[in-house]
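Working notes for the structure below.
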Protein chains: 4
Amino acid sequence: MTRSSPGRPPNSVGRAAALTVARDLVRTVGYERVTLAEIAERAGVGRQTLYRWWPSKQAIVAACVLEDVLPVQPMVADSSGDLRADLRAWMADSAAALAGDDSSALFRGLLAAAASDAHAADALEARLSRPIRQAITAAFAAAGHPGDPAVTADILIGALLNAIVTRDPAARDRLIGVVDLVAAPPL
Amino acid sequence: MTRSSPGRPPNSVGRAAALTVARDLVRTVGYERVTLAEIAERAGVGRQTLYRWWPSKQAIVAACVLEDVLPVQPMVADSSGDLRADLRAWMADSAAALAGDDSSALFRGLLAAAASDAHAADALEARLSRPIRQAITAAFAAAGHPGDPAVTADILIGALLNAIVTRDPAARDRLIGVVDLVAAPPL
Amino acid sequence: MTRSSPGRPPNSVGRAAALTVARDLVRTVGYERVTLAEIAERAGVGRQTLYRWWPSKQAIVAACVLEDVLPVQPMVADSSGDLRADLRAWMADSAAALAGDDSSALFRGLLAAAASDAHAADALEARLSRPIRQAITAAFAAAGHPGDPAVTADILIGALLNAIVTRDPAARDRLIGVVDLVAAPPL
Amino acid sequence: MTRSSPGRPPNSVGRAAALTVARDLVRTVGYERVTLAEIAERAGVGRQTLYRWWPSKQAIVAACVLEDVLPVQPMVADSSGDLRADLRAWMADSAAALAGDDSSALFRGLLAAAASDAHAADALEARLSRPIRQAITAAFAAAGHPGDPAVTADILIGALLNAIVTRDPAARDRLIGVVDLVAAPPL
DNA sequence: CCCTAAACGAGACGGTACGTCTCGTCTTTAT
DNA sequence: ATAAAGACGAGACGTACCGTCTCGTTTAGGG
């Protein structure tokens, strides 16, 4: 017996569509020029409905980047047993994911949201930084590495942020050097 | 011989006042809620005058943080001869300068401006990242250190950015650990 | 069956309030010093809403004078059978309606709008001149008068304009003489 | 004995140039869009100098139309002895002077200035209406006409105003009919 | 021949209104 | 009950212009 409420059912399709549209807009026009009216129109969703799902524009942008479509894999994934190689691989993936100018713009939008809204910053921490930190912690433990994984996580995340906010391709190219330096000698 | 133009001279007092006021506002209310009208009023300056000096709100915020009042010392300054100690000292200073919640808000405003405006990002690069990179380059050269100073600079700057955008005090406390890790082994 | 659209209905109360407020402002401070911001505030209406209803300030002023509150009765009204007496009565009414300095200011605002904006001029023609011309045409036809009613209408309207733009009370007093001269001999 | 002050003499060339330029601008772009900055630049005159000569923008526009370049001859001029023919000739001249769309725009600018500024209205009265009234008064006296010349003057001036503010060519064509009606029967 | 002083051009200023944009809310009808 | 539609109040944005003020400059007498 499917117990169903009376009334019109929630538009779960529209929710996903809104996030996809928002993501495309952040990519193409940049965070500041994203408009809720345009998200609603393109997603075929009422504008008020967006406010039923998220409390503000910043929240939508943060959600659309983090919800499930983050271009950075949060995990070291398949541990080859070689910690250094794992980190290098992850960083290479992440840098590649950010190589496209549009993905960079997307992540920059998240950064803008986080810089001006504490809730978005919390989301960034919970959905990006913390998983990375935990993954590195696990990897360190598995490898018996003595260092502080949180510090290493800060470095890697910070280097990514720096490469994104600076739109400098050279900084992006140096990311792999960051891993080599951080993970270098004793690992 | 000061050769001067005809016409009323620019109101350099007002210009400085505008920057100071803007800085205070970014600190207290956050970048998004800063209003040019309020900057103008508090600084005793016409609103149009702000647009005569800077092309946009982002530019004003970037300028007010970077112009001359950057809370981060861009230089390793007095080289003690010990590269590692110098970096530690600089990072400690920078972390302290960002310790106050208001300074953190100030820098976060710059970050928001840079994330949503390429000109502000350029200013950030020119006024913050590049000096730091050059200073570290010089310090590495003086100490005969073989590493890539740009990578080290990326790490330090990135760790700062991360500590700022994340409002997490723990991340701030880990900054000194970042230096220890980066400058650790061979120095 | 009132077929109605979805969505919040237009704020017709506010619309009427805006016109009333605009009219009062034109009267008291004069067309040039009327501010849309003040109209909006006093009418309890958003400023943008004014632009949703009218395309410009001139249009609002033209509308507020003409919409339904024109101080000049556009018709000869009750035909007494005596064309000359009807015209005299109408002109006396119109002159009286303009006797107050504030009504004069109101109409002068319309004139300023019409002089600097073709749309306002069209509105003036459609809402004031044409009805008067038509009324006189009808009156001439009913009375079997052979003259060109358009010429007479031009004269009466023009004399009113002259009395208004010149702020001279003597010109106002001569208006009845205008009717006597125009309608004089053969009528 | 030319008593002359020391100091640089007023730039009377620039003054005339400013009026000419202002007149051209009123003609081409309309009163509302005339800019003092543009008048000053085109006339090769400092902006402040305009304010040394006239108290406001309205005053400049009024001056530039009335100063010496009024397109309407204020006089019946050569009295042929036939009052009706004189009036017809004058009205025909005036209508012709206003026939060009640019002259019409010029006069409409004066009207806009007069409608929103009492000083401009005074200038209009003193420089246009009063001379016409006086000329008609003189003509009536010379012809021994019994009517009130002020009323006739009001009618003729008003009809001109009406033809100008209404941009309707038909109203312009009816001007001669106005004269015929006013001057018709007993003259 | 300098000197004083009036008028000047240039141009930045404080202020204010404009018309546009977007936000987040509110109110209606439709599902 | 929830949605789409859509108008709304609020308020910041960036532009334009006004009328003022402050300079350095020109151009004439007057000493």
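Basis for what follows: all heavy atoms, side chains included, without hydrogens, waters or symmetry-related copies. Lettering of chains follows the sequences in order, A, B, ..., and the numbering in each one begins at 1.
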Enumerate all atom pairs, one protein N or O and one N or O from nucleotides 3-6 of chain E, separated by less than 3.5 Å.
residue : atom : partner : partner atom : Å
E/dA6   : N3   : D/Arg8  : N            : 3.0

**Asked** Hey, does B/Trp54 reach any base, or is it just sugar-phosphate, or nothing, if we go heavy atoms under 4.0 Å?
**Response**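 No contact.
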**Message:** Students often get this wrong, so: under 4.0 angstrom with heavy atoms, is C/Val34 touching a base, only sugar-phosphate, or nothing?
**Reply:**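 Sugar-phosphate only.
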Let me know the distance between [atom1] of [X] and [atom2] of [N], rounded to the nearest Å.
| X | N | atom1 | atom2 | result |
| --- | --- | --- | --- | --- |
| C/Glu41 | E/dC18 | CD | P | 13 Å |
| C/Leu36 | E/dC18 | CG | C1' | 8 Å |
| A/Lys57 | E/dC21 | NZ | P | 15 Å |
| C/Arg33 | F/dG19 | CZ | P | 11 Å |

**Request:** Kindly say if B/Asn11 contacts the phosphate of E/dG14, meaning a side-chain N or O under 4.0 Å from OP1 or OP2.
**Result:**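 B/Asn11 to E/dG14 OP1/OP2: side-chain N or O found under 4.0 Å.
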**Message:** Quick check on DNA chain F: between D/Arg52 and A/Trp53, whose nearest nucleotide comes earlier from the 5' end?
**Reply:**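 With D/Arg52 and A/Trp53 compared, the 5'-side residue is A/Trp53.
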**Message:** Quick check on DNA chain F: between B/Ala37 and C/Pro9, whose nearest nucleotide comes earlier from the 5' end?
**Reply:**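 Its nearest nucleotide lies further toward 5', so the answer is C/Pro9.
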**Prompt:** Taking the six-membered ring of D/Tyr31 as reference, does the NZ or CZ atom of D/Lys57 fall below 6.0 Å from its centre and within a 45° cone about the axis?
**Reply:**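 Checked: cation-pi criterion met.
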**Prompt:** Pick the nucleotide of DNA chain E nearest each of A/Ser56 and D/Gly14; which residue has the one closer to the 5' end?
**Reply:**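 Its nearest nucleotide being more 5', the pick is D/Gly14.
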**Nucleic acid contacts - residues 42-51 of chain C versus DNA chain E, non-hydrogen atoms under 4.0 Å** =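 Residues of residues 42-51 of chain C under 4.0 Å from DNA chain E: C/Arg47, C/Gln48, C/Tyr51.
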